[in-house]
Amino acid sequence: MGKPHLYLVDGSGFIFRAYHRLPPLTDPQGTPVGAVYGFTAMLWKLVNELNAAEAPSHLAVVLDAGSHTFRNDMYADYKANRPPPPEDLLPQFPLIRDAVRAFSIPCIEEAGVEADDIIASYAKVALAAGYDVTIVSSDKDLMQLVEPGLDLYDTMANKRIDREAVIEKFGVPPEKVGEVLALMGDTADNIPGVRGVGPKTAAELIVQFGDVEGVIAGIEAIRKPKLKATLAESINMARLSRELVRLKDDVPLAEPLDALGLRPPPPAPLAAFLGKHGFKAMLAKLSREGGDEGRAATAAVQAEQPKFVHADYETVTTAERLHAWIMDARAVGVVAIDTETDSVDQMRARLVGVSLATAPGCACYIPVDHRSGDGLLAEKVDQLGLSEVLEALRPLLADPAVLKVGQNLKYDMVVLRQHGIELLAPFDDTMLLSYALDAGRGHHGMDELSAKHLGHTPISFKMVTGGVASAKADFSQVPLRAATDYAAEDADVTLRLHTVFKDRLWREQVTRIYEQVDRPLLPVVASMEIAGIRVDRAALAGLSAAYEIEIARLEGEIHEAAGGPFTIGSPKQLGEVLFERMKLPSGRKSSKTGAWATDVTELERLAESGIEVAAKVLEWRQLSKLKSTYTDALQAQINPKTDRVHTNFALAATTTGRLSSNDPNLQNIPIRTELGRRIRHAFVAAPGHVLMAADYNQIELRLVAHVADVPELKAVYAEGGDVHALTAREVFGEVNRDTRARAKTINFSIIYGISAFGLAQRLGIDRGEAARYIDLYFSRFPGIRNYMAETINAAKDKGFVTTLFGRKCHAPLITSRNQGERQFAERAVVNARIQGTAADIIKRAMVAMPPALAAGGLGARMLLQVHDELVFEVPEGEVEATTAVVRGVMENAHRPLVELSVPLGVEVGTGISWGDAH
DNA sequence: TGCGTCACG
DNA sequence: GACGTACGTGACGCAG
């Protein structure tokens, strides 16, 4: 036996560091456990993985018991300016104690003193008893204790801190560290120290005078007049600080030294703890390395993991059973519902079946329109009729006493409405719940959510339909047993997810954004999708034909210039032709693939230096884009039944709270060039109607003015002035067309999280000049710099930022060690608060719009949302009245949830087409 | 499937 | 001092 070696773990210090260094993990129950995971991994390492020479024979974890200690009696403001711990760290504190207990290690805390004092006291006794001591911490206060036989160990950096390391860090040996700390003070603990004295000066003074008292006695010998003056003023503060940083090393020991002897932890409680929080890697290690006992304990835990257990799901084929399920749902008051159809296109989807879940593991599937796969008639399948089932479900789905739960409920709502059934409040959508809680931390599809929160991977759609003989099989051909296993499971999963999320909603303070913004938006957007928008097919076909001719002409000319045919649409071939075959003055190569860059900026550069083929490629590109993405694709998207185009608005796709639009995307219809704008003219009103477009004017910049509290910007908006002109005057000293245009670019760059490089590129100037503009801008509008810094700090602290309405936008990369990733996240959060708040506002406007139109007796329908614009189809005689309602709703959409110090401006236009409405 | 490109806010 | 850089989307064609 060698010398006994005591390890004292500074638990509280470790948790804070682990919290900030590790990603925000959550366990299967949804509890945040990032710091707990780091702490557990650290204990594991200490107990199992240190080599024999440095392994502990004795071990204790020391924690801070409460906030009030004897130091508060000495100095009321001690640790007073410390912010409260982040909200997702709070629930982790009790889990830390669970972790220590799981390892069967003593956990020591004592009211009235800090962990540091307990550590100092144990260290003293242990050293006297002939132990070696290691303190697991990187806290600078504890560096005072280093002496022969005692070192600090920073497990995260895997670094030991001995006497030499202390001297290197502080410039003085450990026994003098307390003196240096007293002079320099500590903002985190609110130890005053001496103003203006940092680590350098403090060390110099202590080297010269020995200790704080020596400095005080020798004040007259100090030559620097300013330092001398502040020292003379701060004598009392220096003495107080010296006492505050002095560790108390005579705290009575709660446990005698030999009670801290380390034994291999019994595997059963450890396995239970690791299993409960989903620390699978460590559980697997325990199984591998913990011998027979470890393997047994691990197996036992894995066997009782919250498994996704359920009896066989029921296929409902009789009226009696259907009514039994409906009665059950009514009795419970909650039902998860999922519809199965034969198409992903909700406007064409035929209802094939409905599944219900009323309790975990308790779910059924009601087929209504399955066809047997071998071509036999529908009557061959044993199922209830569509209308019978729908009529039975109708009152349930409209029942105000039954909470309807769905995953992406908008889809079910649209399908049901197409079959004449309304799904009415109260309802919840697990996708939207996940979005409110976890936007920016992964996606919100059911399979992903189930794996993440339930530890269960549902049967995949592909697997079910893949089992059917025909290659193009849809769900109606899936045999009932397989269909039931799949469909009922989805309802079951949805119901279980709902339980997990509902519980987190209040705790994580996102109830308002969910209940006041995203959830009420769901039926509104469903109506917009069903409404669709009329598109002039002939006009699009005409454009396609015209583009076709131009494309062919350009293709010929480009091939001729290139000296032979090639695929112009292939960036790879185009780059080789331009820069290798034609030997044009070459520019950038992509950093990733090493391919020649052939994007607009590059081709424009060539075109400007008179190279005609570059201009032709640009034109070819533009026309090809317009034809393939718009004029051709949109024609194919016209629904034959309604003769309109029905987009899909994704409610949970972006990290900022915006909607997105797909199949087709109607949020990126061209407008910036005249050629593209023709496509917008093909979006037309139904007979007897006009289209109305209502845009928020500069909403994001207005929000910057409010959030960053910039008086000058706010004044301009209040007076209806020109913000870009203001910026031009402040930054360039004069307002003309050129400076105003550049000021506009600068203003935009603020919204995006400015960088000198980015601005330089946009303005076509060098970086230094761009940096000067930015400096000038910040000095004129200091609120903006503060806003950006505060936003980034908040994000680093919490892992997310919030909009004015309380929407959380997570940015896990904000603490990345990779600088590029981190800076990217910093710009993203600066933008997210603004973009997200604007998204909240227009969403509130959309929620308020249908009742406001109805109250005015108006027949207008809301068709589209394009981030800061709403498009309506308005009966011809109602333009004026509708304009007033629309403007009123949009300009007041933030109220009463949020008050703004700038007005919101809305511009409204009407016309026979979308192009004419602008 | 990933990449480059480009349409929008 | 080097490093890569505006923020948020979706759709298309090409090439592996």
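Quick note on labels: first sequence line is chain A, next is B, and so on, each numbered from 1.
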Below 4.0 Å: OP1/OP2 of [N] and any side-chain N or O of [X]:
{"X": "A/Thr629", "N": "C/dG10", "value": "no"}
{"X": "A/Ser624", "N": "C/dG13", "value": "no"}
{"X": "A/Lys572", "N": "C/dG16", "value": "yes"}

Quick one: label [X] by what it contacts on the DNA or RNA (base, sugar-phosphate, nothing), any heavy atom closer than 4.0 Å.
{"X": "A/Thr745", "answer": "base"}
{"X": "A/Gly569", "answer": "sugar-phosphate"}
{"X": "A/Thr655", "answer": "sugar-phosphate"}
{"X": "A/Leu659", "answer": "nothing"}
{"X": "A/Ser749", "answer": "base"}
{"X": "A/Arg621", "answer": "sugar-phosphate"}
{"X": "A/Val600", "answer": "sugar-phosphate"}
{"X": "A/Asn668", "answer": "base"}
{"X": "A/Arg767", "answer": "base"}
{"X": "A/Gln573", "answer": "sugar-phosphate"}
{"X": "A/Ser755", "answer": "base"}
{"X": "A/Ile834", "answer": "nothing"}
{"X": "A/Phe824", "answer": "sugar-phosphate"}

Item to check | Check: A/Leu804 main-chain N/O paired with A/Thr837 side-chain donor or acceptor under 3.5 Å | outcome: yes
Checklist entry - Looking at the rings of A/Phe781 and A/Tyr777, which for Trp means the six-membered one, are their centres under 6.0 Å apart? => result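 Yes; A/Tyr777 has its ring centre under 6.0 Å from that of A/Phe781.
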Item to check | Protein-nucleotide distance (A/Leu666, atom CG; C/dT9, atom C1'), rounded to Å | outcome: 14 Å
